[in-house]
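Have a look at the structure below before the remarks.
Small disclaimer: the values here were computed from a predicted structure and weren't measured.
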Amino acid sequence: MGNTDSVVVQKRLARFRPEERPVVEGVFDRLHGASPAGGAGKAGKVLTLGMLKPCMGNIASDSMIKRVYAGMCSMDPGVAPPPPGAGVSREQLVVFLADVLRGTAEERAPLFMAMAQGAGTGVATCDQIMEFLQDLVSAVVQIIIQKGRLQGWKPERMADGSIGVKLLAEQMSSELKPSDQRTCDVPCLEDWLFRVSNVAMYMDLLIGEGLNVGLTSRPPPTLLPPCWETPWEKLRCLLDLPVLMFLTPQLPDGYNIPWKLLFSTQLHGESFTKIVGSCKGRGPTVLLIKDTKGHIFGGFASHGWEVKPQFQGDSRCFLFSVFPCLRVYTCTGYNQHYMYLNQGQQTMPNGLGMGGQHGYFGLWLDSDFGRGHSRARPRCTTYGSPQLSAEEDFTLDSLEVWGVGKPPEEEEGATGGKRSILDADPEVQAMMEMAGKTLHSQGLREPEENNE
């Protein structure tokens, strides 16, 4: 560590593996334009803002680079730092890297405060945090694009990413617990960083990639799922990269399962029958809906859809909104009305629904294609979601269905055994359940034969 005896610096370096410490220590000389062997111990040697721009300028905005520099200047290295405005010392840089890449929420909170408000007041407004997050998310998107980590997604054929940046930044800032004056102090940021882990993850990625700090113990995170077999030349996707970055970790399988387009009104036309054929028995799916007023929303179905007059699915299902705000609404436990798909019956509703109850779904697409509703005032009983569409009864502009899981394996052997009379007319069974009738015959099924 050159000629420094700072205990603070040595403790920070101890967080890295032995083979990683030369990498961390070497960042200063590389940014300064000198080799580690040349002038490593020169007194008064500092980093300036201008030295950061050549290495970070292709992925981060000028305002984000200034924020990073302000964070570096705010570090207490345990020895006398350079005078204010003179630059960043070697020791300050090491402490900065350690706190960003290996720090706790308690250590990162003052650093993020300095990057957000920069005035040294110890308090940041929610608007300042929001602006900081927009710069950070925008830089992460650029890293994904510049480093070739798109996983098959095509930003030029997707929704406007600049809107997605603002949506994701607003969603992350909505997790803050500010004062009545809409300000945040360091303890507030500490609590936020502890709960919202992707803030630190994004900063880790920006510094690791922007300053080329390659650490063997922590490869860059995967932020997008693979995208397979998508006809991008014909598609204008409703998703953008920041929205995809938000939705993917909400799914049970996260980044491990490829996304595959099953249906799009742009490609397959306006047909409820085609929707049913595209998603029935295809495993977990994500539905994306845009209404004619511009609202974008949807739901995650944890199971392959089945056409039947009963509710289906499980508590892994959820609803979400994309525009005008980015939110996820998970199950409340009030009921089990997770998913519903029915077609061609006279006495039960025909369409696709998620949450709520018949006639008052959290999300509903009528089998009479093009119409739907989100009747969830004040909240959907199943998911706790508000009205997702611009108007309670909406007109569909476009729809996409993405497969996000493995299709269910076919059951071994044919289901050619004896059927119960309970299976003869599921519509009647569903109506009896809705009427509160007890199905006494459920307990009288003949046991299935054991072939063993």
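Between E20 and R15, no side-chain nitrogen of the basic residue sits less than 4.0 Å from a carboxylate oxygen of the acidic one, so the salt-bridge criterion is not met. Using a 4.0 Å cut-off between a side-chain N of Lys or Arg and a carboxylate O of Asp or Glu, D99 and R12 qualify as a salt bridge. Taking 4.0 Å as the cut-off between side-chain N and carboxylate O, K293 and D291 do not count as a salt-bridged pair. Using a 4.0 Å cut-off between charged side-chain N and carboxylate O, D127 and R182 make no salt bridge.
Aromatic ring orientation, F297 versus F394: perpendicular (interplanar angle above 60°, classes split at 30° and 60°). The aromatic rings of H295 and F323 stand perpendicular to each other, their planes meeting at an angle above 60°, with 30° marking the opposite boundary. Using the six-membered ring where Trp is involved, H268 and F263 have ring planes that are parallel, under 30° apart on the 30 and 60° scheme.
Heavy atoms only, all atoms of each residue included: R327 and S174 are closest at NH2-CB, 3.4 Å. Of all heavy-atom pairs spanning M113 and V123, the tightest one is SD-C, 3.8 Å. Between G356 and T382, the shortest heavy-atom contact is N-OG1, 2.8 Å.
With contacts defined as side-chain heavy-atom distances shorter than 4.5 Å, the pair I163/K166 does not qualify. Taking the side chain as every heavy atom from C-beta outward, V9 and R90 never approach each other to under 4.5 Å. A heavy-atom distance below 4.5 Å is found between the side chains of L93 and M72. Within the 4.5 Å cutoff, the side chain of P225 has heavy atoms near those of the L244 side chain. With a 4.5 Å cut-off on side-chain heavy atoms, F96 and I207 count as touching. Under the 4.5 Å side-chain criterion, counting only non-hydrogen atoms from C-beta, Y202 is not in contact with P221. The side-chain heavy atoms of Q266 and K234, taken from C-beta on, include no pair separated by under 4.5 Å. Within the 4.5 Å cutoff, the side chain of I289 has heavy atoms near those of the L396 side chain.
Distance check, rounded to the nearest 0.5 Å: CG of N335 to OH of Y383 gives 9.0 Å.
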Show me, pair by pair, the donor-acceptor contacts under 3.5 angstrom made by side chains of residues 47-61, not counting sequence neighbours?
residue: S61; atom: OG; partner: S63; partner atom: OG; Å: 3.0
residue: S61; atom: OG; partner: M64; partner atom: N; Å: 3.2

Contacts under 3.5 angstrom, residues 139-151 side chains, donor-acceptor by atom type, not counting sequence neighbours:
residue: R149; atom: NH1; partner: E209; partner atom: OE2; Å: 3.1
residue: R149; atom: NH2; partner: E209; partner atom: OE2; Å: 2.7
residue: Q151; atom: NE2; partner: L224; partner atom: O; Å: 3.2

Q357/T381 under side-chain hydrogen bond (donor to acceptor under 3.5 Å, both in side chains): CA gap, chis, key distance, verdict: CA-CA 8 Å; Q357 56 187 330; T381 55; over 6 Å; no
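F369 and F272 have their aromatic ring centers separated by at least 6.0 angstrom.
A distance-only check finds no donor-acceptor pair linking the side chain of N198 to the backbone of M201 [under 3.5 Å]. The backbone N or O of L211 sits less than 3.5 Å from a side-chain atom of R30, completing a donor-acceptor pair.
For Q250, the CD atom sits in a packed shell: over 12 heavy atoms of surrounding residues, nucleotides or ligands are nearer than 6.0 Å.
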